[in-house]
Amino acid sequence: MRLLYEGKSKRIYDVGDGRVFVEFKDDITAFNAEKKASPEGKGRITYEISRLLFEYLKSRGIPTHYLEPGEGGFYAKRVRILPVELVVRNVATGSIVKRLGVEKGREFSPPLVEYFYKDDALGDPLVCEGHITYFGWASREELERMRDIALRSTELLKELFSRAGLRLVDIKYEFGYDDEGNLLLADEISPDTCRIWDSEGRSLDKDVFRKGTGDVVKTYEEVLRRLREALSRE
Ligand code: TMP
Ligand code: ASP
């Protein structure tokens, strides 16, 4: 398989038949890669959670790039990623608290959607619809479709996490187009790309690494265990 792209936590290989293989590395970074580590088992656990969540969303009608599991990663449709990330917030924490002075823990109902421009050199800045359409990163209609998929996915995930005794606080989505022109949910969905709190408000996500408050692999394993348990009760 030919290596197409290596990111901070994943490698994307071209399988050659319109498919890619998404391999999860042990590497974890925060604050635009200022903080780095490579805890053993981190790639495997992130892959397992991402696989479970994509399979869950796909089985409930969400269009995703995910195709099937593999060894240390999954097979997905090859897509052209749009340079806009959508963050859906159910509860205020993280950058919105710093940026706008919103009270931490405040609930957003309905959820709040924000857009970020995917550019590491600029530190993925917050952008608004005007920037996105003006610079041609996505059209108004595309943005509306991404918003719709992101909100439906968040509703489904929120419900699954709740059954697992967990709270989905916020989550980041990326989208891409496949060769047939379908808009698909892409990248990964894992505790690297969302925030999860337990019933006591304890973080079970990448904030553990950002803040240095615990063991990332053990924390993610706890998330996977609870999600599997919730799904087995279905
Ligand atoms: P934020 O509060 O730092 O803006 O993060 C919002 C959500 O987006 C949170 O679930 C973490 C996720 N996220 C990423 O997946 N990648 C990133 O580079 C950043 C900054 C946040
Ligand atoms: N993903 C970003 C980084 O590499 C930031 C973050 O998730 O906090 O550094």
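Atoms within each ligand, like the ligands themselves, are counted from 1 in listed order. Bear in mind the structure is a predicted one, so any value in this text is a computation, not a measurement. Both backbone and side-chain heavy atoms feed into the values below; hydrogens, waters and symmetry mates do not.
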Subject >> atom 12 (C) of ligand 1 touched by protein (heavy atom, under 4.0 Å) >> reply: yes
Original post:
Atoms of ligand 1 less than 4.0 Å from R210 heavy atoms?
Top reply: 11 (C)
Original post:
Is there any N or O on D170 that sits under 3.5 Å from an N or O of ligand 1?
Top reply: yes
Subject >> Short N or O distance, K8 and ligand 2, threshold 3.5 Å exclusive >> reply: yes
Original post:
Where is the nearest protein heavy atom to atom 18 (O) of ligand 1: which residue, which atom, and how far?
Top reply: D124 OD2, 4.1 Å
Original post:
Can you tell which part of T193 has a heavy atom less than 4.0 Å from ligand 1: side chain, backbone, both or neither?
Top reply: both
**OP:** Using a 4.0 Å heavy-atom cut-off, say whether R210 meets ligand 2 through its side chain, its backbone, both or neither.
**Re:** side chain
**OP:** For atom 14 (C) of ligand 1, state which one of K172, K118, R99 supplies the nearest heavy atom.
**Re:** K172
**OP:** Output, in order, the C-alpha distance, side-chain angles, deciding distance and verdict of salt bridge (charged side-chain N to carboxylate O under 4.0 Å, His left out) for K172 and E174.
**Re:** CA-CA 7 Å; K172 185 265 297 175; E174 296 192 24; 2.8 Å; yes
Subject >> atom 4 (O) of ligand 2 - nearest protein heavy atom and its distance >> reply: T29 OG1, 2.3 Å
Original post:
Does one side chain, of E55 or Y66, offer a donor that lies under 3.5 Å from an acceptor on the other?
Top reply: yes
Original post:
Starting from atom 7 (O) of ligand 2, which protein heavy atom do you reach first, and at what distance in Å?
Top reply: K206 NZ, 2.8 Å
Original post:
Are F74 and H65 close enough that their ring centres sit under 6.0 Å apart?
Top reply: yes
Original post:
Between F135 and Y117, does the ring centre distance come in under 6.0 Å?
Top reply: no
**OP:** State whether a side-chain donor-acceptor pair under 3.5 Å links R89 with S95.
**Re:** yes
Original post:
Among the heavy atoms of R89, does any lie under 4.0 Å from an atom of ligand 1?
Top reply: yes
Subject >> Under 3.5 Å: N/O of R195 near N/O of ligand 1 >> reply: yes
Original post:
Side-chain donor-acceptor pair under 3.5 Å between E6 and Y13, yes or no?
Top reply: no
Original post:
Against heavy atoms of F31, which atoms of ligand 2 measure under 4.0 Å?
Top reply: 5 (C), 8 (O), 9 (O)
Subject >> Stepwise side-chain contact (heavy atoms from CB on, under 4.5 Å) check, I45 with L224 >> reply: CA-CA 8 Å; I45 189 68; L224 181 62; 3.6 Å; yes
**OP:** May I ask you to check whether D192 and Y220 show a side-chain donor-acceptor distance below 3.5 Å?
**Re:** yes
Original post:
Hey, is K98 one of the residues with a heavy atom under 4.0 angstrom from ligand 1?
Top reply: no
**OP:** Before accepting this row, confirm whether a basic side-chain N of the pair E159/R163 lies closer than 4.0 Å to the acidic partner's carboxylate O.
**Re:** yes
Subject >> G94 neighbourhood, listing ligand 1 atoms whose heavy-atom distance to it stays under 4.0 Å >> reply: 2 (O)
Subject >> Numbered atoms of ligand 2 (with element) below 4.0 Å of A33, judged on heavy atoms >> reply: 3 (C), 4 (O), 9 (O)
Original post:
Can an N or O of S95 be found at a distance shorter than 3.5 Å from an N or O of ligand 1?
Top reply: yes
Original post:
With the threshold set at 4.0 Å, does a side-chain nitrogen-carboxylate oxygen contact exist between E155 and R60?
Top reply: no
Original post:
Can K77 and D178 be counted as an ion pair, charged N to O under 4.0 angstrom?
Top reply: yes
